[in-house]
Amino acid sequence: MEKFDFINSEIFFREKWKNNNAFKQYTAVAGKENYYVLEMLPYPSGKLHMGHVRNYTIGDVVARYKTMNHFNVLHPMGWDSFGLPAENAAIQNGSHPAVWTFANIENMKRQLNLLGFSYDWEREIATCTPEYYRWNQWLFIKMFEKGLAYKKKASVNWCPHDKTVLANEQVENGCCWRCGTNVIQKDLEQWFFKITDYSEELLQDLSLLEGGWPDKVLAMQKNWIGKSQGTQVDFTLEGSDSKIPVFTTRPDTLYGVTYVVLAPEHPLVSHILSINPSIKAGVETMKSEDRFERSSEFSEKHGLYTGQNVINPINGESVPLWIGNYVLMDYGTGAVMAVPAHDTRDFQFAKKYSLEIKVVIQNSNNSLCATSMETAYTEEGTLVNSAQFSGLQNRESIEKFTLHLSEIRAGDFTTKYKLRDWLVSRQRYWGTPIPFVYCENCGMVAEKLENLPIALPQDIEFTENGNPLSTSESFMNCSCPKCGKSAKRETDTMDTFVDSSWYYFRYITPHEDNAMFGDSVNKWMPVNQYIGGVEHAVLHLLYARFFTKVLRDIGMVTHAEPFTNLLTQGMVLSNSYFCPDCKLYFNLTELNERKTCPKCNLPLTVKMEKMSKSKNNGIDPERIISEFGADAARLFILFAAPPERELEWSENGLMGASRFLSKYWNFIQENLNVYQNIDFISVETLSSSGKDLLKNLHKTIKKVTRSIEDNFHFNTAIACVMEYLNLVSSLKSSLSTEEDKKLIFHIMKNLTLLLQPFVPFITAKIFIDLGYTQDIHTIDWPKYKESLTVDNIVKMGVQVNGKLRGELEIAADASEEVIKSEALKIDKVGKYLENVEIIKIIIIKKRIVNIVIK
RNA sequence: GCCUCGGUGGCGGAAUAGGUAGACGCACAGGACUUAAAAUCCUGAGGUAUCUAAUACCGUGCCGGUUCGAUUCCGGCUCGAGGCACCA
């Protein structure tokens, strides 16, 4: 028997699908519901990695499954093709970033097609093309007009390695998300999107996503937005009218305030320095401290006494005013009231500088004493030393304090968020130019919409120094859109996350020339199923939600959320091989049989961890495809773990997948010519094995369907098919009747349909071999008859006092009386029942009998 | 410290409106085929005890609860992964 020639089959069907435009989406198919399945678009780095393969395989199964289930499926793919690596490559080898980028796109597109993904390539987009990024510019100007884009001087995150600023979301543990370099702070004039206008809605609408998005992602976004409800309290600088508002969630401790601390960047600080210049140097040092160092919980808190005092509005008391490195200007009001008795941080600070400690909340044994306390008391208790509030339960007093402050006009309820505005300008070439010009007469002016796109210039030299755009005469020099006089262009470009914040709209009308997208977006959006990595939980996924709300508010779309369902696929892990002596990681392909260090021959440390360049444990998808075939690669990835969990790469597991495909292939080849195109089975004339197989076929169809529908657990879906094929091979020798032979054909056809979404190449080949002429991916998904999935005879476990003692085969509809008497007849059960009293017998039909004895 | 998720054989993982734990696959062992190997096929297997079978007991991180019955529900721990973290 011939083996499956996956190499030639894959070539054949790739060509066929391409020539026939097999996965083109015809939007006009009537009577079908639309279904938009989308995978996060890749950055064209050059080659697919296993993470891509997993992501896109999952998406492809969904697309193919939904297509077979009568949906109009939209399944597009494109390229997030602006970004630094292209520019760095250009600096290194002197070519243009576009050349590098499009070469990478070509290669990765070829690789995607190797895997048989069912994309509608007519909808392909690349964000680095002027046809795409002109709409970034268009929206930017719209947002500027609405006050949602603005420019201001601010202390911003600067990556010295990538030589550009970064948004807060792009700083991880104080390091650049891309290159890992320590981020520093710089005061720069930068562009921002006012995402904070949407803080509350971005938070509230998370409830619309419950059930559709993983809890983890919802929680991460909630924390990132960081809503905190509290009270603003206005302290007054003693001897002046200057108010110092502070934000607190604990107004109940107001009588315990013994000092107030300002951030060194607080606007009042310059006034204080003019009165007390002696601390100027100290303040400057504080400001120059690394921001992430400074805001780390573990770094030393320190402060300076200003020489000034402030008045506590609740009691008119005068307390010292300090400046402290741990107070952040960009959260709350940049000033905090300190209650050392009841706040851990304030307590440490007060001890360090010998500041007063005042107890205002007593514990239940009344034992708190300021002089003997060793830590702050942060639990609940009763208010003391708090004038008319004394005696109240502290939690319950919070509202009363705030109402009182409001009455005396010294404070009110207020809400703060941790979310900051999105810094979107970048000092690099390979991004969307920000469409503004600077005119000596008119100042900063937005470009006219009809002049868009403002295209990236070609006369560019790529060097290590500065933004290359500023070296282009043709780009820099322009005329003012307002007065027409000569002017200079903005040289900053947009963060590439702007591109990916709305690309899913563009796929719907990718060739629309007159607008960002056409009206039909509302027929397809929101995306039914979005699939991608969890690393974008507070980056792309937050920005995309923000953009959708902005687009709704300018009347472009009708919905509030872009992605109804989100699947975050797990990481792909594989063994890394580390030599502790040479301090080197080796790739599996460089190792000998014994897996010892190729350099020093000592044993290597083997560890299962995320595939990465630094661990040198990546597996090249293309090697896998050429050795085992695309189907085997897809099948293994889907089978080894449920999609949301981590996937451990295993060459043996891959061989298992491959082995299953051979079994399936062989089964088909053995029975190919027995019958063709017979789709009618008369149950009565089947042999008993035949009946058994038919029933189990329907059970299998049901289980596979459920596994996919319920939670995309493709691993169990595939397991069911494997189980069924095992059953078929064990029973096929006992098939005897003519009807049985027809059944075999019926089984071959349905198994093939069930496997199609997972392994498209082999199933396409077999479908043709079975005598069909249509493309298999356009055929209806098999249906099961509920009546055939229920058994007439069932197995029931028989327990005595909850322990399994025997088993019973009995008619599914047997009465309790019959079940009881049959259960008691079982020898293995009976021996536990001698000389004991049976208290009761519990019968759960089709499942279990439990005999309770004394 | 806070938030989220998780802990089941040698391994990846099944099974939860509470009802026969370990499907499917990998690895392993034995056998068949072969001059031999590979490939393929068949068989076996949670652990402990007994020579084997039969059997008994133990078993879903730990302790306790509810129940005829708990991997599943409840309470308390513990360990691991990920995220946030001086947020006032």
Side-chain angles (χ1 to χ4, degrees), chain A residues 3 172-173 214-224 226-228 230-231 246-250 253 261 263 294-301 324-328 330-339 343-346 348-349 416-418 534-535 537-538 570-571 573 608 635-636 639-642 644-657 659-660 662-663 666 703 707 713 715-726 729-730 795-808 828 831 839-853:
Chain A
K3 287 172 79 176
E172 294 168 352
N173 295 320
D215 290 343
K216 180 186 180 166
V217 176
L218 295 176
M220 282 167 76
Q221 291 216 355
K222 187 174 172 221
N223 289 339
W224 190 260
K227 182 178 183 175
S228 172
T231 302
V246 305
F247 174 69
T248 181
T249 52
R250 297 292 307 276
T253 61
V261 194
R294 209 178 106 188
S295 64
S296 155
E297 192 182 343
F298 307 106
S299 63
E300 180 74 14
K301 297 171 209 4
N325 70 330
Y326 68 96
V327 180
L328 309 172
D330 61 5
Y331 183 74
T333 61
V336 298
M337 60 181 224
V339 185
D343 181 282
T344 313
R345 199 180 31 196
D346 296 344
Q348 288 168 4
F349 195 84
K416 299 285 176 194
Y417 300 88
K418 285 191 215 169
V534 75
E535 65 273 15
V538 289
M571 293 184 296
L573 317 181
M608 186 58 78
L635 191 68
F636 167 70
F639 178 65
E644 69 279 3
R645 252 201 266 186
E646 288 177 342
L647 169 72
E648 294 189 5
W649 185 263
S650 148
E651 208 97 347
N652 281 324
L654 179 64
M655 280 158 65
R659 208 171 292 151
F660 167 75
S662 308
K663 269 199 214 170
N666 293 340
K703 280 197 262 179
S707 288
H713 277 197
N715 56 330
T716 51
I718 293 164
C720 287
V721 180
M722 289 175 166
E723 206 176 345
Y724 185 67
L725 191 62
N726 289 342
S729 29
S730 71
K795 275 187 186 172
M796 292 176 73
V798 180
Q799 297 176 331
V800 177
N801 275 0
K803 286 196 173 174
L804 186 71
R805 299 300 181 188
E807 206 173 64
L808 188 62
K828 287 182 195 167
K831 79 184 197 198
I839 296 170
K840 58 176 163 177
I841 298 178
I842 288 158
I843 296 170
I844 308 294
K845 280 194 179 170
K846 300 186 194 177
R847 292 190 193 275
I848 204 132
V849 179
N850 191 9
I851 302 165
V852 186
I853 59 171

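Order of the sequence lines fixes the chain letters, A, B, ..., with proteins taken first and strands second; residue numbering starts at 1 for each chain. This one's a predicted model, so the numbers in the text were calculated from it and none came from an experiment.
No engagement by Val534(A) is indicated, since no non-hydrogen atom pair under 4.0 Å with the nucleic acid exists. Using a 4.0 Å heavy-atom criterion, one finds that Glu807(A) contacts the bases of the nucleic acid, with or without backbone contacts as well. Base contact: Lys418(A) has a heavy atom under 4.0 Å from a base atom. Using a 4.0 Å heavy-atom criterion, one finds that Pro642(A) contacts the sugar-phosphate atoms exclusively. Residue Lys227(A) is out of contact with every strand shown, counting any heavy-atom pair closer than 4.0 Å. Using a 4.0 Å heavy-atom criterion, one finds that Gly226(A) contacts no nucleic acid atom at all. Asn726(A) comes within contact range of the sugar-phosphate backbone alone, with a heavy-atom separation under 4.0 Å but no base atom that close.
Checking U4(B), G12(B), A88(B) against the side-chain heavy atoms of Lys216(A) singles out U4(B) as nearest. With G25(B), U4(B), G13(B) as the choices, the nucleotide that has an atom nearest any side-chain atom of Ala219(A) turns out to be U4(B). When distances run from any side-chain atom of His713(A) to the nucleotides U4(B), A14(B), A23(B), the shortest one goes to A14(B). Taking only side-chain atoms of Arg645(A), from C-beta outward, the nucleotide of A14(B), C5(B), C3(B) with the closest atom is A14(B). The nucleotide whose nearest atom lies closest to any side-chain atom of Arg659(A) is, among U40(B), A88(B), A15(B), U40(B).
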Legend entry - Working for side chain to side chain contact (heavy atoms under 4.5 Å, CB included), residues Val534(A) and Lys216(A): CA-CA 9 Å; Val534(A) 75; Lys216(A) 180 186 180 166; 4.2 Å; yes

Inset, instruction - Test Lys663(A) against Asn726(A) for side chain to side chain contact (heavy atoms under 4.5 Å, CB included), laying out the working first. - result: CA-CA 9 Å; Lys663(A) 269 199 214 170; Asn726(A) 289 342; 3.4 Å; yes

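At least one donor-acceptor pair closer than 3.5 Å links the side chain of Asn850(A) to the backbone N or O of Gly802(A). No donor-acceptor pair under 3.5 Å is formed between the side chain of Asp343(A) and the backbone N or O of Ala338(A).
Asn223(A) has no side-chain polar atom (N or O) that falls below the 4.0 Å cut-off from OP1 or OP2 of C2(B). Considering only side-chain N and O atoms, Tyr331(A) lies under 4.0 angstrom from the phosphate OP1 or OP2 of A88(B).
In terms of heavy atoms, Gln221(A) sits closest to Ala537(A) at NE2-O, 2.8 Å. The minimum heavy-atom distance linking Ala263(A) with Val327(A) is given by the pair CB-O, 3.3 Å. Between Asn715(A) and Phe639(A), the shortest heavy-atom contact is CB-O, 3.3 Å. In plain terms, the two heavy atoms of Leu635(A) and Ala657(A) that are nearest each other are CD2-O, 3.7 Å.
Taking only distance into account, the side chain of Lys301(A) meets the base of C86(B) through a donor-acceptor pair shorter than 3.5 Å.
One atom, CZ of Phe349(A), and another, P of C86(B), lie 16 Å apart when rounded to the nearest Å. Atom CD in Glu723(A) sits about 19 Å away from atom P in G13(B), given to the nearest Å. Between the CE atom of Met722(A) and the C1' atom of A14(B) there is a distance of 13 Å, given to the nearest Å. Straight-line distance from the CE atom of Met608(A) to the C1' atom of C26(B): 12 Å, rounded to whole Å. Rounded to a whole Å, the CG atom of Asn652(A) is 14 Å from the P atom of G12(B). When the P atom of G82(B) is taken as reference, atom CE of Met220(A) falls 12 Å away, rounded to whole Å. G12(B) atom P lies 17 Å from atom CH2 of Trp649(A), rounded to whole Å. Rounded to whole angstrom, the span from the CG atom of Leu573(A) across to the P atom of G82(B) amounts to 11 Å.
The same atom, C1', is picked in U34(B) and in U52(B); the two are 33 Å apart, to the nearest Å. Nucleotides U40(B) and C33(B), compared at atom C1', are 9 Å apart to the nearest Å. Of the P atoms belonging to G6(B) and A56(B), the separation is 36 Å, rounded to the nearest Å. Distance check on atom C1': A27(B) versus C77(B) gives 35 Å, rounded to whole Å. Across G13(B) and G46(B), the matching C1' atoms stand 15 Å from one another, rounded to whole Å. Across the P atoms, U43(B) and A23(B) are found 15 Å apart, a figure rounded to whole Å. Taking atom P in both C5(B) and U48(B), the straight-line distance is 36 Å, to the nearest Å. Distance check on atom P: G65(B) versus U72(B) gives 14 Å, rounded to whole Å.
Residues Thr253(A) and Met337(A) are in side-chain contact: their nearest non-hydrogen atoms beyond the backbone lie under 4.5 Å apart. For the pair Leu573(A)/Glu648(A), a side-chain contact is recorded, criterion being any heavy-atom separation below 4.5 Å from C-beta on. With a 4.5 Å cut-off on side-chain heavy atoms, Val798(A) and Leu804(A) do not count as touching.
Stem analysis of RNA chain B (Watson-Crick or G-U pairs, both distances under 3.5 Å, runs of at least three) returns B:1-7 with B:78-84, B:10-12 with B:24-26, B:28-32 with B:40-44, B:46-49 with B:55-58, B:61-65 with B:73-77.
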Inset, instruction - Could you run through nucleotides 55-73 of chain B and give me one letter per nucleotide, 5' to 3': B if any protein heavy atom sits under 4.0 Å from the base, S if only the sugar-phosphate is that close, - if neither? - result: SSSS---------BS----

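Centroid-to-centroid, the aromatic rings of Phe349(A) and Tyr326(A) come within less than 6.0 Å.
With its glycosidic angle within 90° of 0, G9(B) is assigned syn.
Projected onto RNA chain B by closest heavy-atom contact, Ala335(A) and Thr716(A) fall at different nucleotides, the more 5' of which corresponds to Thr716(A).
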